[in-house]
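Note on naming: letters A, B, ... go to the chains in the order of the sequence lines (proteins, then strands), and numbering restarts at 1 for each one.
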There are 2 protein chains.
Amino acid sequence: MTDGVVERPRPRDRILETARDMFHKHGIKGVGVDAITEAAGTNKMTLYRHFESKDDLIVECLRANASKAGAMWEAFEAEFPGDKLAQLHAWVRKAAAMLNADGRGCDMANAAAELTEPDHPARRVIKELKEAQRERLVALCRDAGIGQAELLADTLSLLFEGARVSVQTVGTEGPSAQFVRMAEGLIVSFRGTAAG
Amino acid sequence: MTDGVVERPRPRDRILETARDMFHKHGIKGVGVDAITEAAGTNKMTLYRHFESKDDLIVECLRANASKAGAMWEAFEAEFPGDKLAQLHAWVRKAAAMLNADGRGCDMANAAAELTEPDHPARRVIKELKEAQRERLVALCRDAGIGQAELLADTLSLLFEGARVSVQTVGTEGPSAQFVRMAEGLIVSFRGTAAG
DNA sequence: TCTGGAAGTTACAGACCGGTAACACCCTAG
DNA sequence: CTAGGGTGTTACCGGTCTGTAACTTCCAGA
């Protein structure tokens, strides 16, 4: 055997992963770079050798999140190859699971709430990544044979987005508890009006 | 005439109003008490004579917001006395107007995103006020003769909540642009299944 | 074994934060 | 006119923030 133990990731990856976790849990302005480097088992100088600034680190974290989300979509396709409708239902189930995962909302939405400067570098990538997500959901609805694919996709994403912030304010017993029922009902309703 | 000029509000009210505006625009952690007092035309000592702490000021701002929202409900009743269905449609229009008002989301949701400490005093009042809002919308749907009033109210509030964060991330041209169509469609759909 | 680069350490700069103390001022009610 | 409370001013405390400088240590590859 060439390697019995798990290799410890390089400092840059440890910093990125730790920052993602801490930003998610405590918010961006609620975490300092000292706390990140300490939790990552490294130090501030190493962080600033790999990232230009805290803002740069924030942007990289958001991109890493989006890349993880991208993997989720590929998992849908792998599980139900070609069956777009099944993938859409898988999306609903996955979304519902996220609601109960923890009491925190979407990292991008939370970041947008915190970083209010209109020209903050993170705002560009948040918009860009959110639009990409929307495109994916629209394409999924369209390929599933839904007539008004854009409208269904937008409705579903607003419902999900709303459910995530609702969890953050009133908890999982609030309106978000009905998310699956709402989403499934919408899909049924839109399928009824599908245009061949 | 007893008073020709508009009376300048007392320092406490100026601080409260200024803080509400600045918290809304720049986020809670993005504004310091110095900036608030300066913008309110007063000083830090006066702030701390009227509010125990910044956290206390935050809570008072949230309560003031909720009280303004309460006035909105009374305006609905005043405009369409007894006509609950008309009031529900007025709520939809008002919600849509808020989406285009500015690019910032709900102050309570934003505050919940920023104040992550589980026992932060603001979290209690956010939950309390959001639950009161939900009750009002449920009651309105029920009194409008909708069968599944809770489900419609929860769906509408998730849609609205989602639209507000969507505006914050991708702007008014995104999914939130369809909010009115979604909401009106839902109301029609739920009225179709109304139980006498 | 030597070397070069990545990583760690310590200290610091400069700014901002929430919050307080001490004191001067002004305006109004009596 | 006077007394007193609300207000304004200045200075300060201890802490935290992002970001940098100068230096040491470690480790892999030649």
Starting from [atom2] on [N], measure out to [atom1] on [X] and report it in whole angstrom.
X: B:Phe51; N: D:dG6; atom1: CZ; atom2: P; value: 15 Å
X: B:Arg14; N: D:dG6; atom1: CZ; atom2: P; value: 15 Å
X: B:Lys29; N: D:dT18; atom1: NZ; atom2: P; value: 12 Å
X: B:Arg10; N: C:dC27; atom1: CZ; atom2: P; value: 12 Å
X: A:Ile36; N: D:dC17; atom1: CD1; atom2: P; value: 10 Å
X: A:Leu47; N: C:dT10; atom1: CG; atom2: C1'; value: 17 Å
X: A:Arg12; N: C:dG8; atom1: CZ; atom2: C1'; value: 19 Å
X: A:Asn43; N: D:dC23; atom1: CG; atom2: C1'; value: 13 Å

Consider side-chain hydrogen bond (donor to acceptor under 3.5 Å, both in side chains). Of B:Gln168, B:Lys25, B:His24, which one does B:Asp102 pass it with? B:His24
With a 4.0 Å cut-off, would you call B:Glu60 and B:Arg20 a salt bridge? no
Electrostatic pair B:Arg63-B:Glu128, nearest N-O below 4.0 angstrom: yes
Students often mix this up, so state it plainly: with edges at 30° and 60°, are the rings of A:Phe179 and A:Phe160 parallel, tilted or perpendicular? tilted
What about B:Arg49: does its side chain form a donor-acceptor pair under 3.5 Å with the base of D:dG5? no
For [N], take OP1 and OP2 only and decide whether either is under 4.0 Å from a side-chain N or O of [X].
X: A:His50; N: C:dA7; value: yes
X: A:Thr46; N: C:dG8; value: yes
X: B:Thr42; N: D:dT7; value: no

Closer than 3.5 angstrom, by distance alone: can the side chain of B:His120 be matched with the main-chain N or O of B:Thr116 as a donor-acceptor pair? no
Regarding A:Glu117 and B:His26, is there a side-chain donor-to-acceptor distance under 3.5 Å anywhere? no
Is there any protein nitrogen or oxygen under 3.5 Å from a nitrogen or oxygen in nucleotides 13-20 of chain C, and what are the pairs?
from	atom 1	to	atom 2	distance (Å)
C:dG18	OP1	B:Lys54	NZ	2.8
C:dG18	OP2	B:Val33	N	2.8
C:dG19	OP2	B:Tyr48	OH	2.6
C:dG19	OP2	B:Lys54	N	2.8
C:dG19	O5'	B:Tyr48	OH	3.4
C:dG19	N7	B:Lys44	NZ	3.0
C:dG19	O6	B:Lys44	NZ	2.4

From CA spacing to verdict: salt bridge (charged side-chain N to carboxylate O under 4.0 Å, His left out), B:Arg164, A:Glu161: CA-CA 9 Å; B:Arg164 297 205 75 173; A:Glu161 205 91 65; over 6 Å; no
